Amino acid sequence: MSEPTSVLSDGTIRRLVEEGKIKIDPWDAARIQPASVDLRLGDSFRVFNNHQVTAIDLRKPPENLTDEVIVAEGEAFVIHPGEFCLARTLEWVEIPNDLVARIEGKSSLGRLGLIVHATAGFCDPGWKGTLTLELANLTRIPIKLWPGLLIAQLSFMTLDKAAEVPYGSEKLGSHYQGQREATASRYQGAP
C-alpha cells in the first residue's frame, strides 16, 4: 500500500525547487503561496484567424488557425470582450515523474472577468516547458495584459508512485513537450 496523494505545501515546494526536483525558471521564492507558486505572463500570444476559417472541424482541424504575436517590452496585449487567445507563462517548468501539477487562474483576475484556462489546467508528470494559457475575456470591457504580470498559480500533487510512462516519453508522442511559446492546438482529430 502506498502513501495517499496530497497537495504540496509551501515548505515542500521550496525544498523540492532547492533540491532541483521541481524546476521553475526564472525562480523567485517570494512567489510561493501556502500551497502553490505564482506564475507570470510571458510575451508570446496566439490569436485566431477567424476571418479565414468558417468552422473548426474536429475530424480535420484547420492548419494555420492562429498567428503568434510577440508583445514588445513595455507594451501590453489587449484582449477584447468575448475574445479568446492563447498565451504562455514567463516561467519554464519541469515536473518530476512522481508529481502532477494544476494551473489555476488567480482569483483576483477571475473577479475582473479574465479566465486563464478553458480546460487544460493539468500538467502531467515529466512535463517540461512553458505553460500555454487559454485566456478569455468574459467582460464587456477590454483588458490590457502586460508581460510579467502575475497571471496564474501552479499547485503540485504527489502520485502514489512515479509514472511508468511520463509525459515526453517517445512512446506517448507528447505534442507539447519543450514548448517555449504559446502553442496552438495539435489536436489529431478522430482516429
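Keep in mind the model is a prediction, meaning the values are calculated, not measured.
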Trainee: Which atom pairs, donor and acceptor, lie under 3.5 Å between side-chain atoms of residues 21-30 and protein residues at least two apart or in another chain?
Mentor:
residue	atom	partner	partner atom	Å
Lys21	NZ	Asp98	OD1	3.3
Lys21	NZ	Asp98	OD2	2.7
Asp28	OD1	Ala30	N	2.9

Trainee: Heavy atoms, side chains only, cut-off 4.5 Å: are Ser155 and Leu8 in contact?
Mentor: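 When only atoms from C-beta onward are counted, Leu8 and Ser155 do not touch, as no gap falls below 4.5 Å.
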Trainee: Restricting to pairs with a member in residues 70-80, which pass side-chain hydrogen bond (donor to acceptor under 3.5 Å, both in side chains), not counting sequence neighbours?
Mentor: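 Matches after skipping sequence neighbours: none remain.
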Trainee: Taking the side chain as every heavy atom from C-beta outward, state whether Leu154 and Cys123 have any pair of such atoms under 4.5 Å apart.
Mentor: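 Yes, at least one pair of side-chain atoms sits under 4.5 Å.
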Trainee: If only atom types and distance count, is the side chain of Arg46 paired as donor or acceptor with the main-chain N or O of Thr66 below 3.5 Å?
Mentor: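 Checked: pair present.
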Trainee: Among residues two or more places apart or on two chains, list those pairs meeting ring-ring contact (aromatic ring centres under 6.0 Å, His included) that have a residue in residues 93-114.
Mentor: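 The answer is none; no pair qualifies.
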Trainee: Using the test salt bridge (charged side-chain N to carboxylate O under 4.0 Å, His left out), find all partners of Asp67 that sit at least two apart in sequence or belong to another chain.
Mentor: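 Checked Asp67 against salt bridge (charged side-chain N to carboxylate O under 4.0 Å, His left out); zero matches.
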Trainee: Would a single hydrophobic cluster contain both Leu150 and Val116, if residues Ile, Leu, Val, Met, Phe, Trp and Tyr are joined by side-chain heavy-atom contacts under 4.5 Å?
Mentor: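 Cluster IDs for Val116 and Leu150 differ.
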Trainee: Are Leu90 and Val71 co-members of a hydrophobic cluster defined by side-chain heavy atoms under 4.5 Å apart?
Mentor: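 Val71 and Leu90: separate clusters.
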Trainee: Under a 3.5 Å distance rule, please check whether Thr158 uses its side chain to pair with a backbone N or O of Ser6 as donor and acceptor.
Mentor: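 Checking the backbone N and O of Ser6 against the side chain of Thr158, a donor-acceptor pair under 3.5 Å is found.
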Trainee: His117 side chain to Ile103 main-chain N or O, any donor-acceptor pair under 3.5 Å?
Mentor: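 Yes, because the side chain of His117 sits within donor-acceptor range (under 3.5 Å) of the backbone of Ile103.
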Trainee: Testing Leu86, Ile143, Leu145 for side-chain contact (heavy atoms from CB on, under 4.5 Å) with Leu135, which one passes?
Mentor: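 The option that passes is Leu145.
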Trainee: Under the 4.5 Å side-chain heavy-atom rule for ILVMFWY, direct or indirect, which residues accompany Leu138?
Mentor: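 Its cluster mates, by chain and number, are Ile115.
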Trainee: Starting from Val78, can I reach Phe45 by hopping between I/L/V/M/F/W/Y residues whose side chains sit under 4.5 Å apart?
Mentor: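 No, Phe45 does not connect to Val78 through the hydrophobic network.
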Trainee: Which is it for Ile95 and Val100 under the side-chain contact (heavy atoms from CB on, under 4.5 Å) test, yes or no, and what are the steps along the way?
Mentor: CA-CA 7 Å; Ile95 301 171; Val100 296; 5.8 Å; no
Trainee: Hydrogens and angles aside, do Glu68 and Ser44 bring a side-chain donor and acceptor to less than 3.5 Å of each other?
Mentor: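 On atom types as modelled, these side chains qualify, holding a pair under 3.5 Å.
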Trainee: Do the non-hydrogen side-chain atoms of Phe122 and Arg102 ever get within less than 4.5 Å of each other?
Mentor: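 Of all side-chain heavy-atom pairs linking Arg102 with Phe122, at least one is under 4.5 Å.
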Trainee: Scan for salt bridge (Lys or Arg N to Asp or Glu O under 4.0 Å) pairs involving residues 6-16, sequence neighbours excluded, and state none if there are none.
Mentor: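 The answer is Arg15-Glu19.
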Trainee: Using only atom types and a distance under 3.5 Å, with no angle test, would you say the side chain of Thr89 pairs donor to acceptor with the backbone of Leu131?
Mentor: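 Yes, because the side chain of Thr89 sits within donor-acceptor range (under 3.5 Å) of the backbone of Leu131.
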Trainee: Could you check Arg111 against Ser108 for side-chain contact (heavy atoms from CB on, under 4.5 Å), going step by step and ending with a plain yes or no?
Mentor: CA-CA 5 Å; Arg111 294 170 197 215; Ser108 297; 5.6 Å; no
Trainee: Evaluate the side-chain contact (heavy atoms from CB on, under 4.5 Å) criterion for residues Ile13 and Phe156: first the C-alpha distance (whole Å), next the side-chain angles of each, then the deciding distance (0.1 Å), finally the verdict.
Mentor: CA-CA 8 Å; Ile13 294 169; Phe156 301 89; 4.0 Å; yes
Trainee: How are the rings of Phe48 and Phe84 set relative to one another: parallel (under 30°), tilted (30 to 60°) or perpendicular (over 60°)?
Mentor: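 Tilted: the ring planes of Phe48 and Phe84 meet at 30° to 60°.
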Trainee: Is it the case that the side chain of Arg31 and the backbone of Asp38 share a donor-acceptor pair, with hydrogens and angles ignored and the cut-off at 3.5 Å?
Mentor: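 A pair under 3.5 Å: yes.
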Trainee: Side chains of Ile151 and Leu114: does their closest heavy-atom pair fall under 4.5 Å?
Mentor: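 Side chain of Ile151 against side chain of Leu114, heavy atoms only: contact under 4.5 Å found.
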Trainee: Carefully, step by step, assess Leu99 and Leu16 under the rule side-chain contact (heavy atoms from CB on, under 4.5 Å).
Mentor: CA-CA 11 Å; Leu99 295 178; Leu16 292 176; 4.1 Å; yes
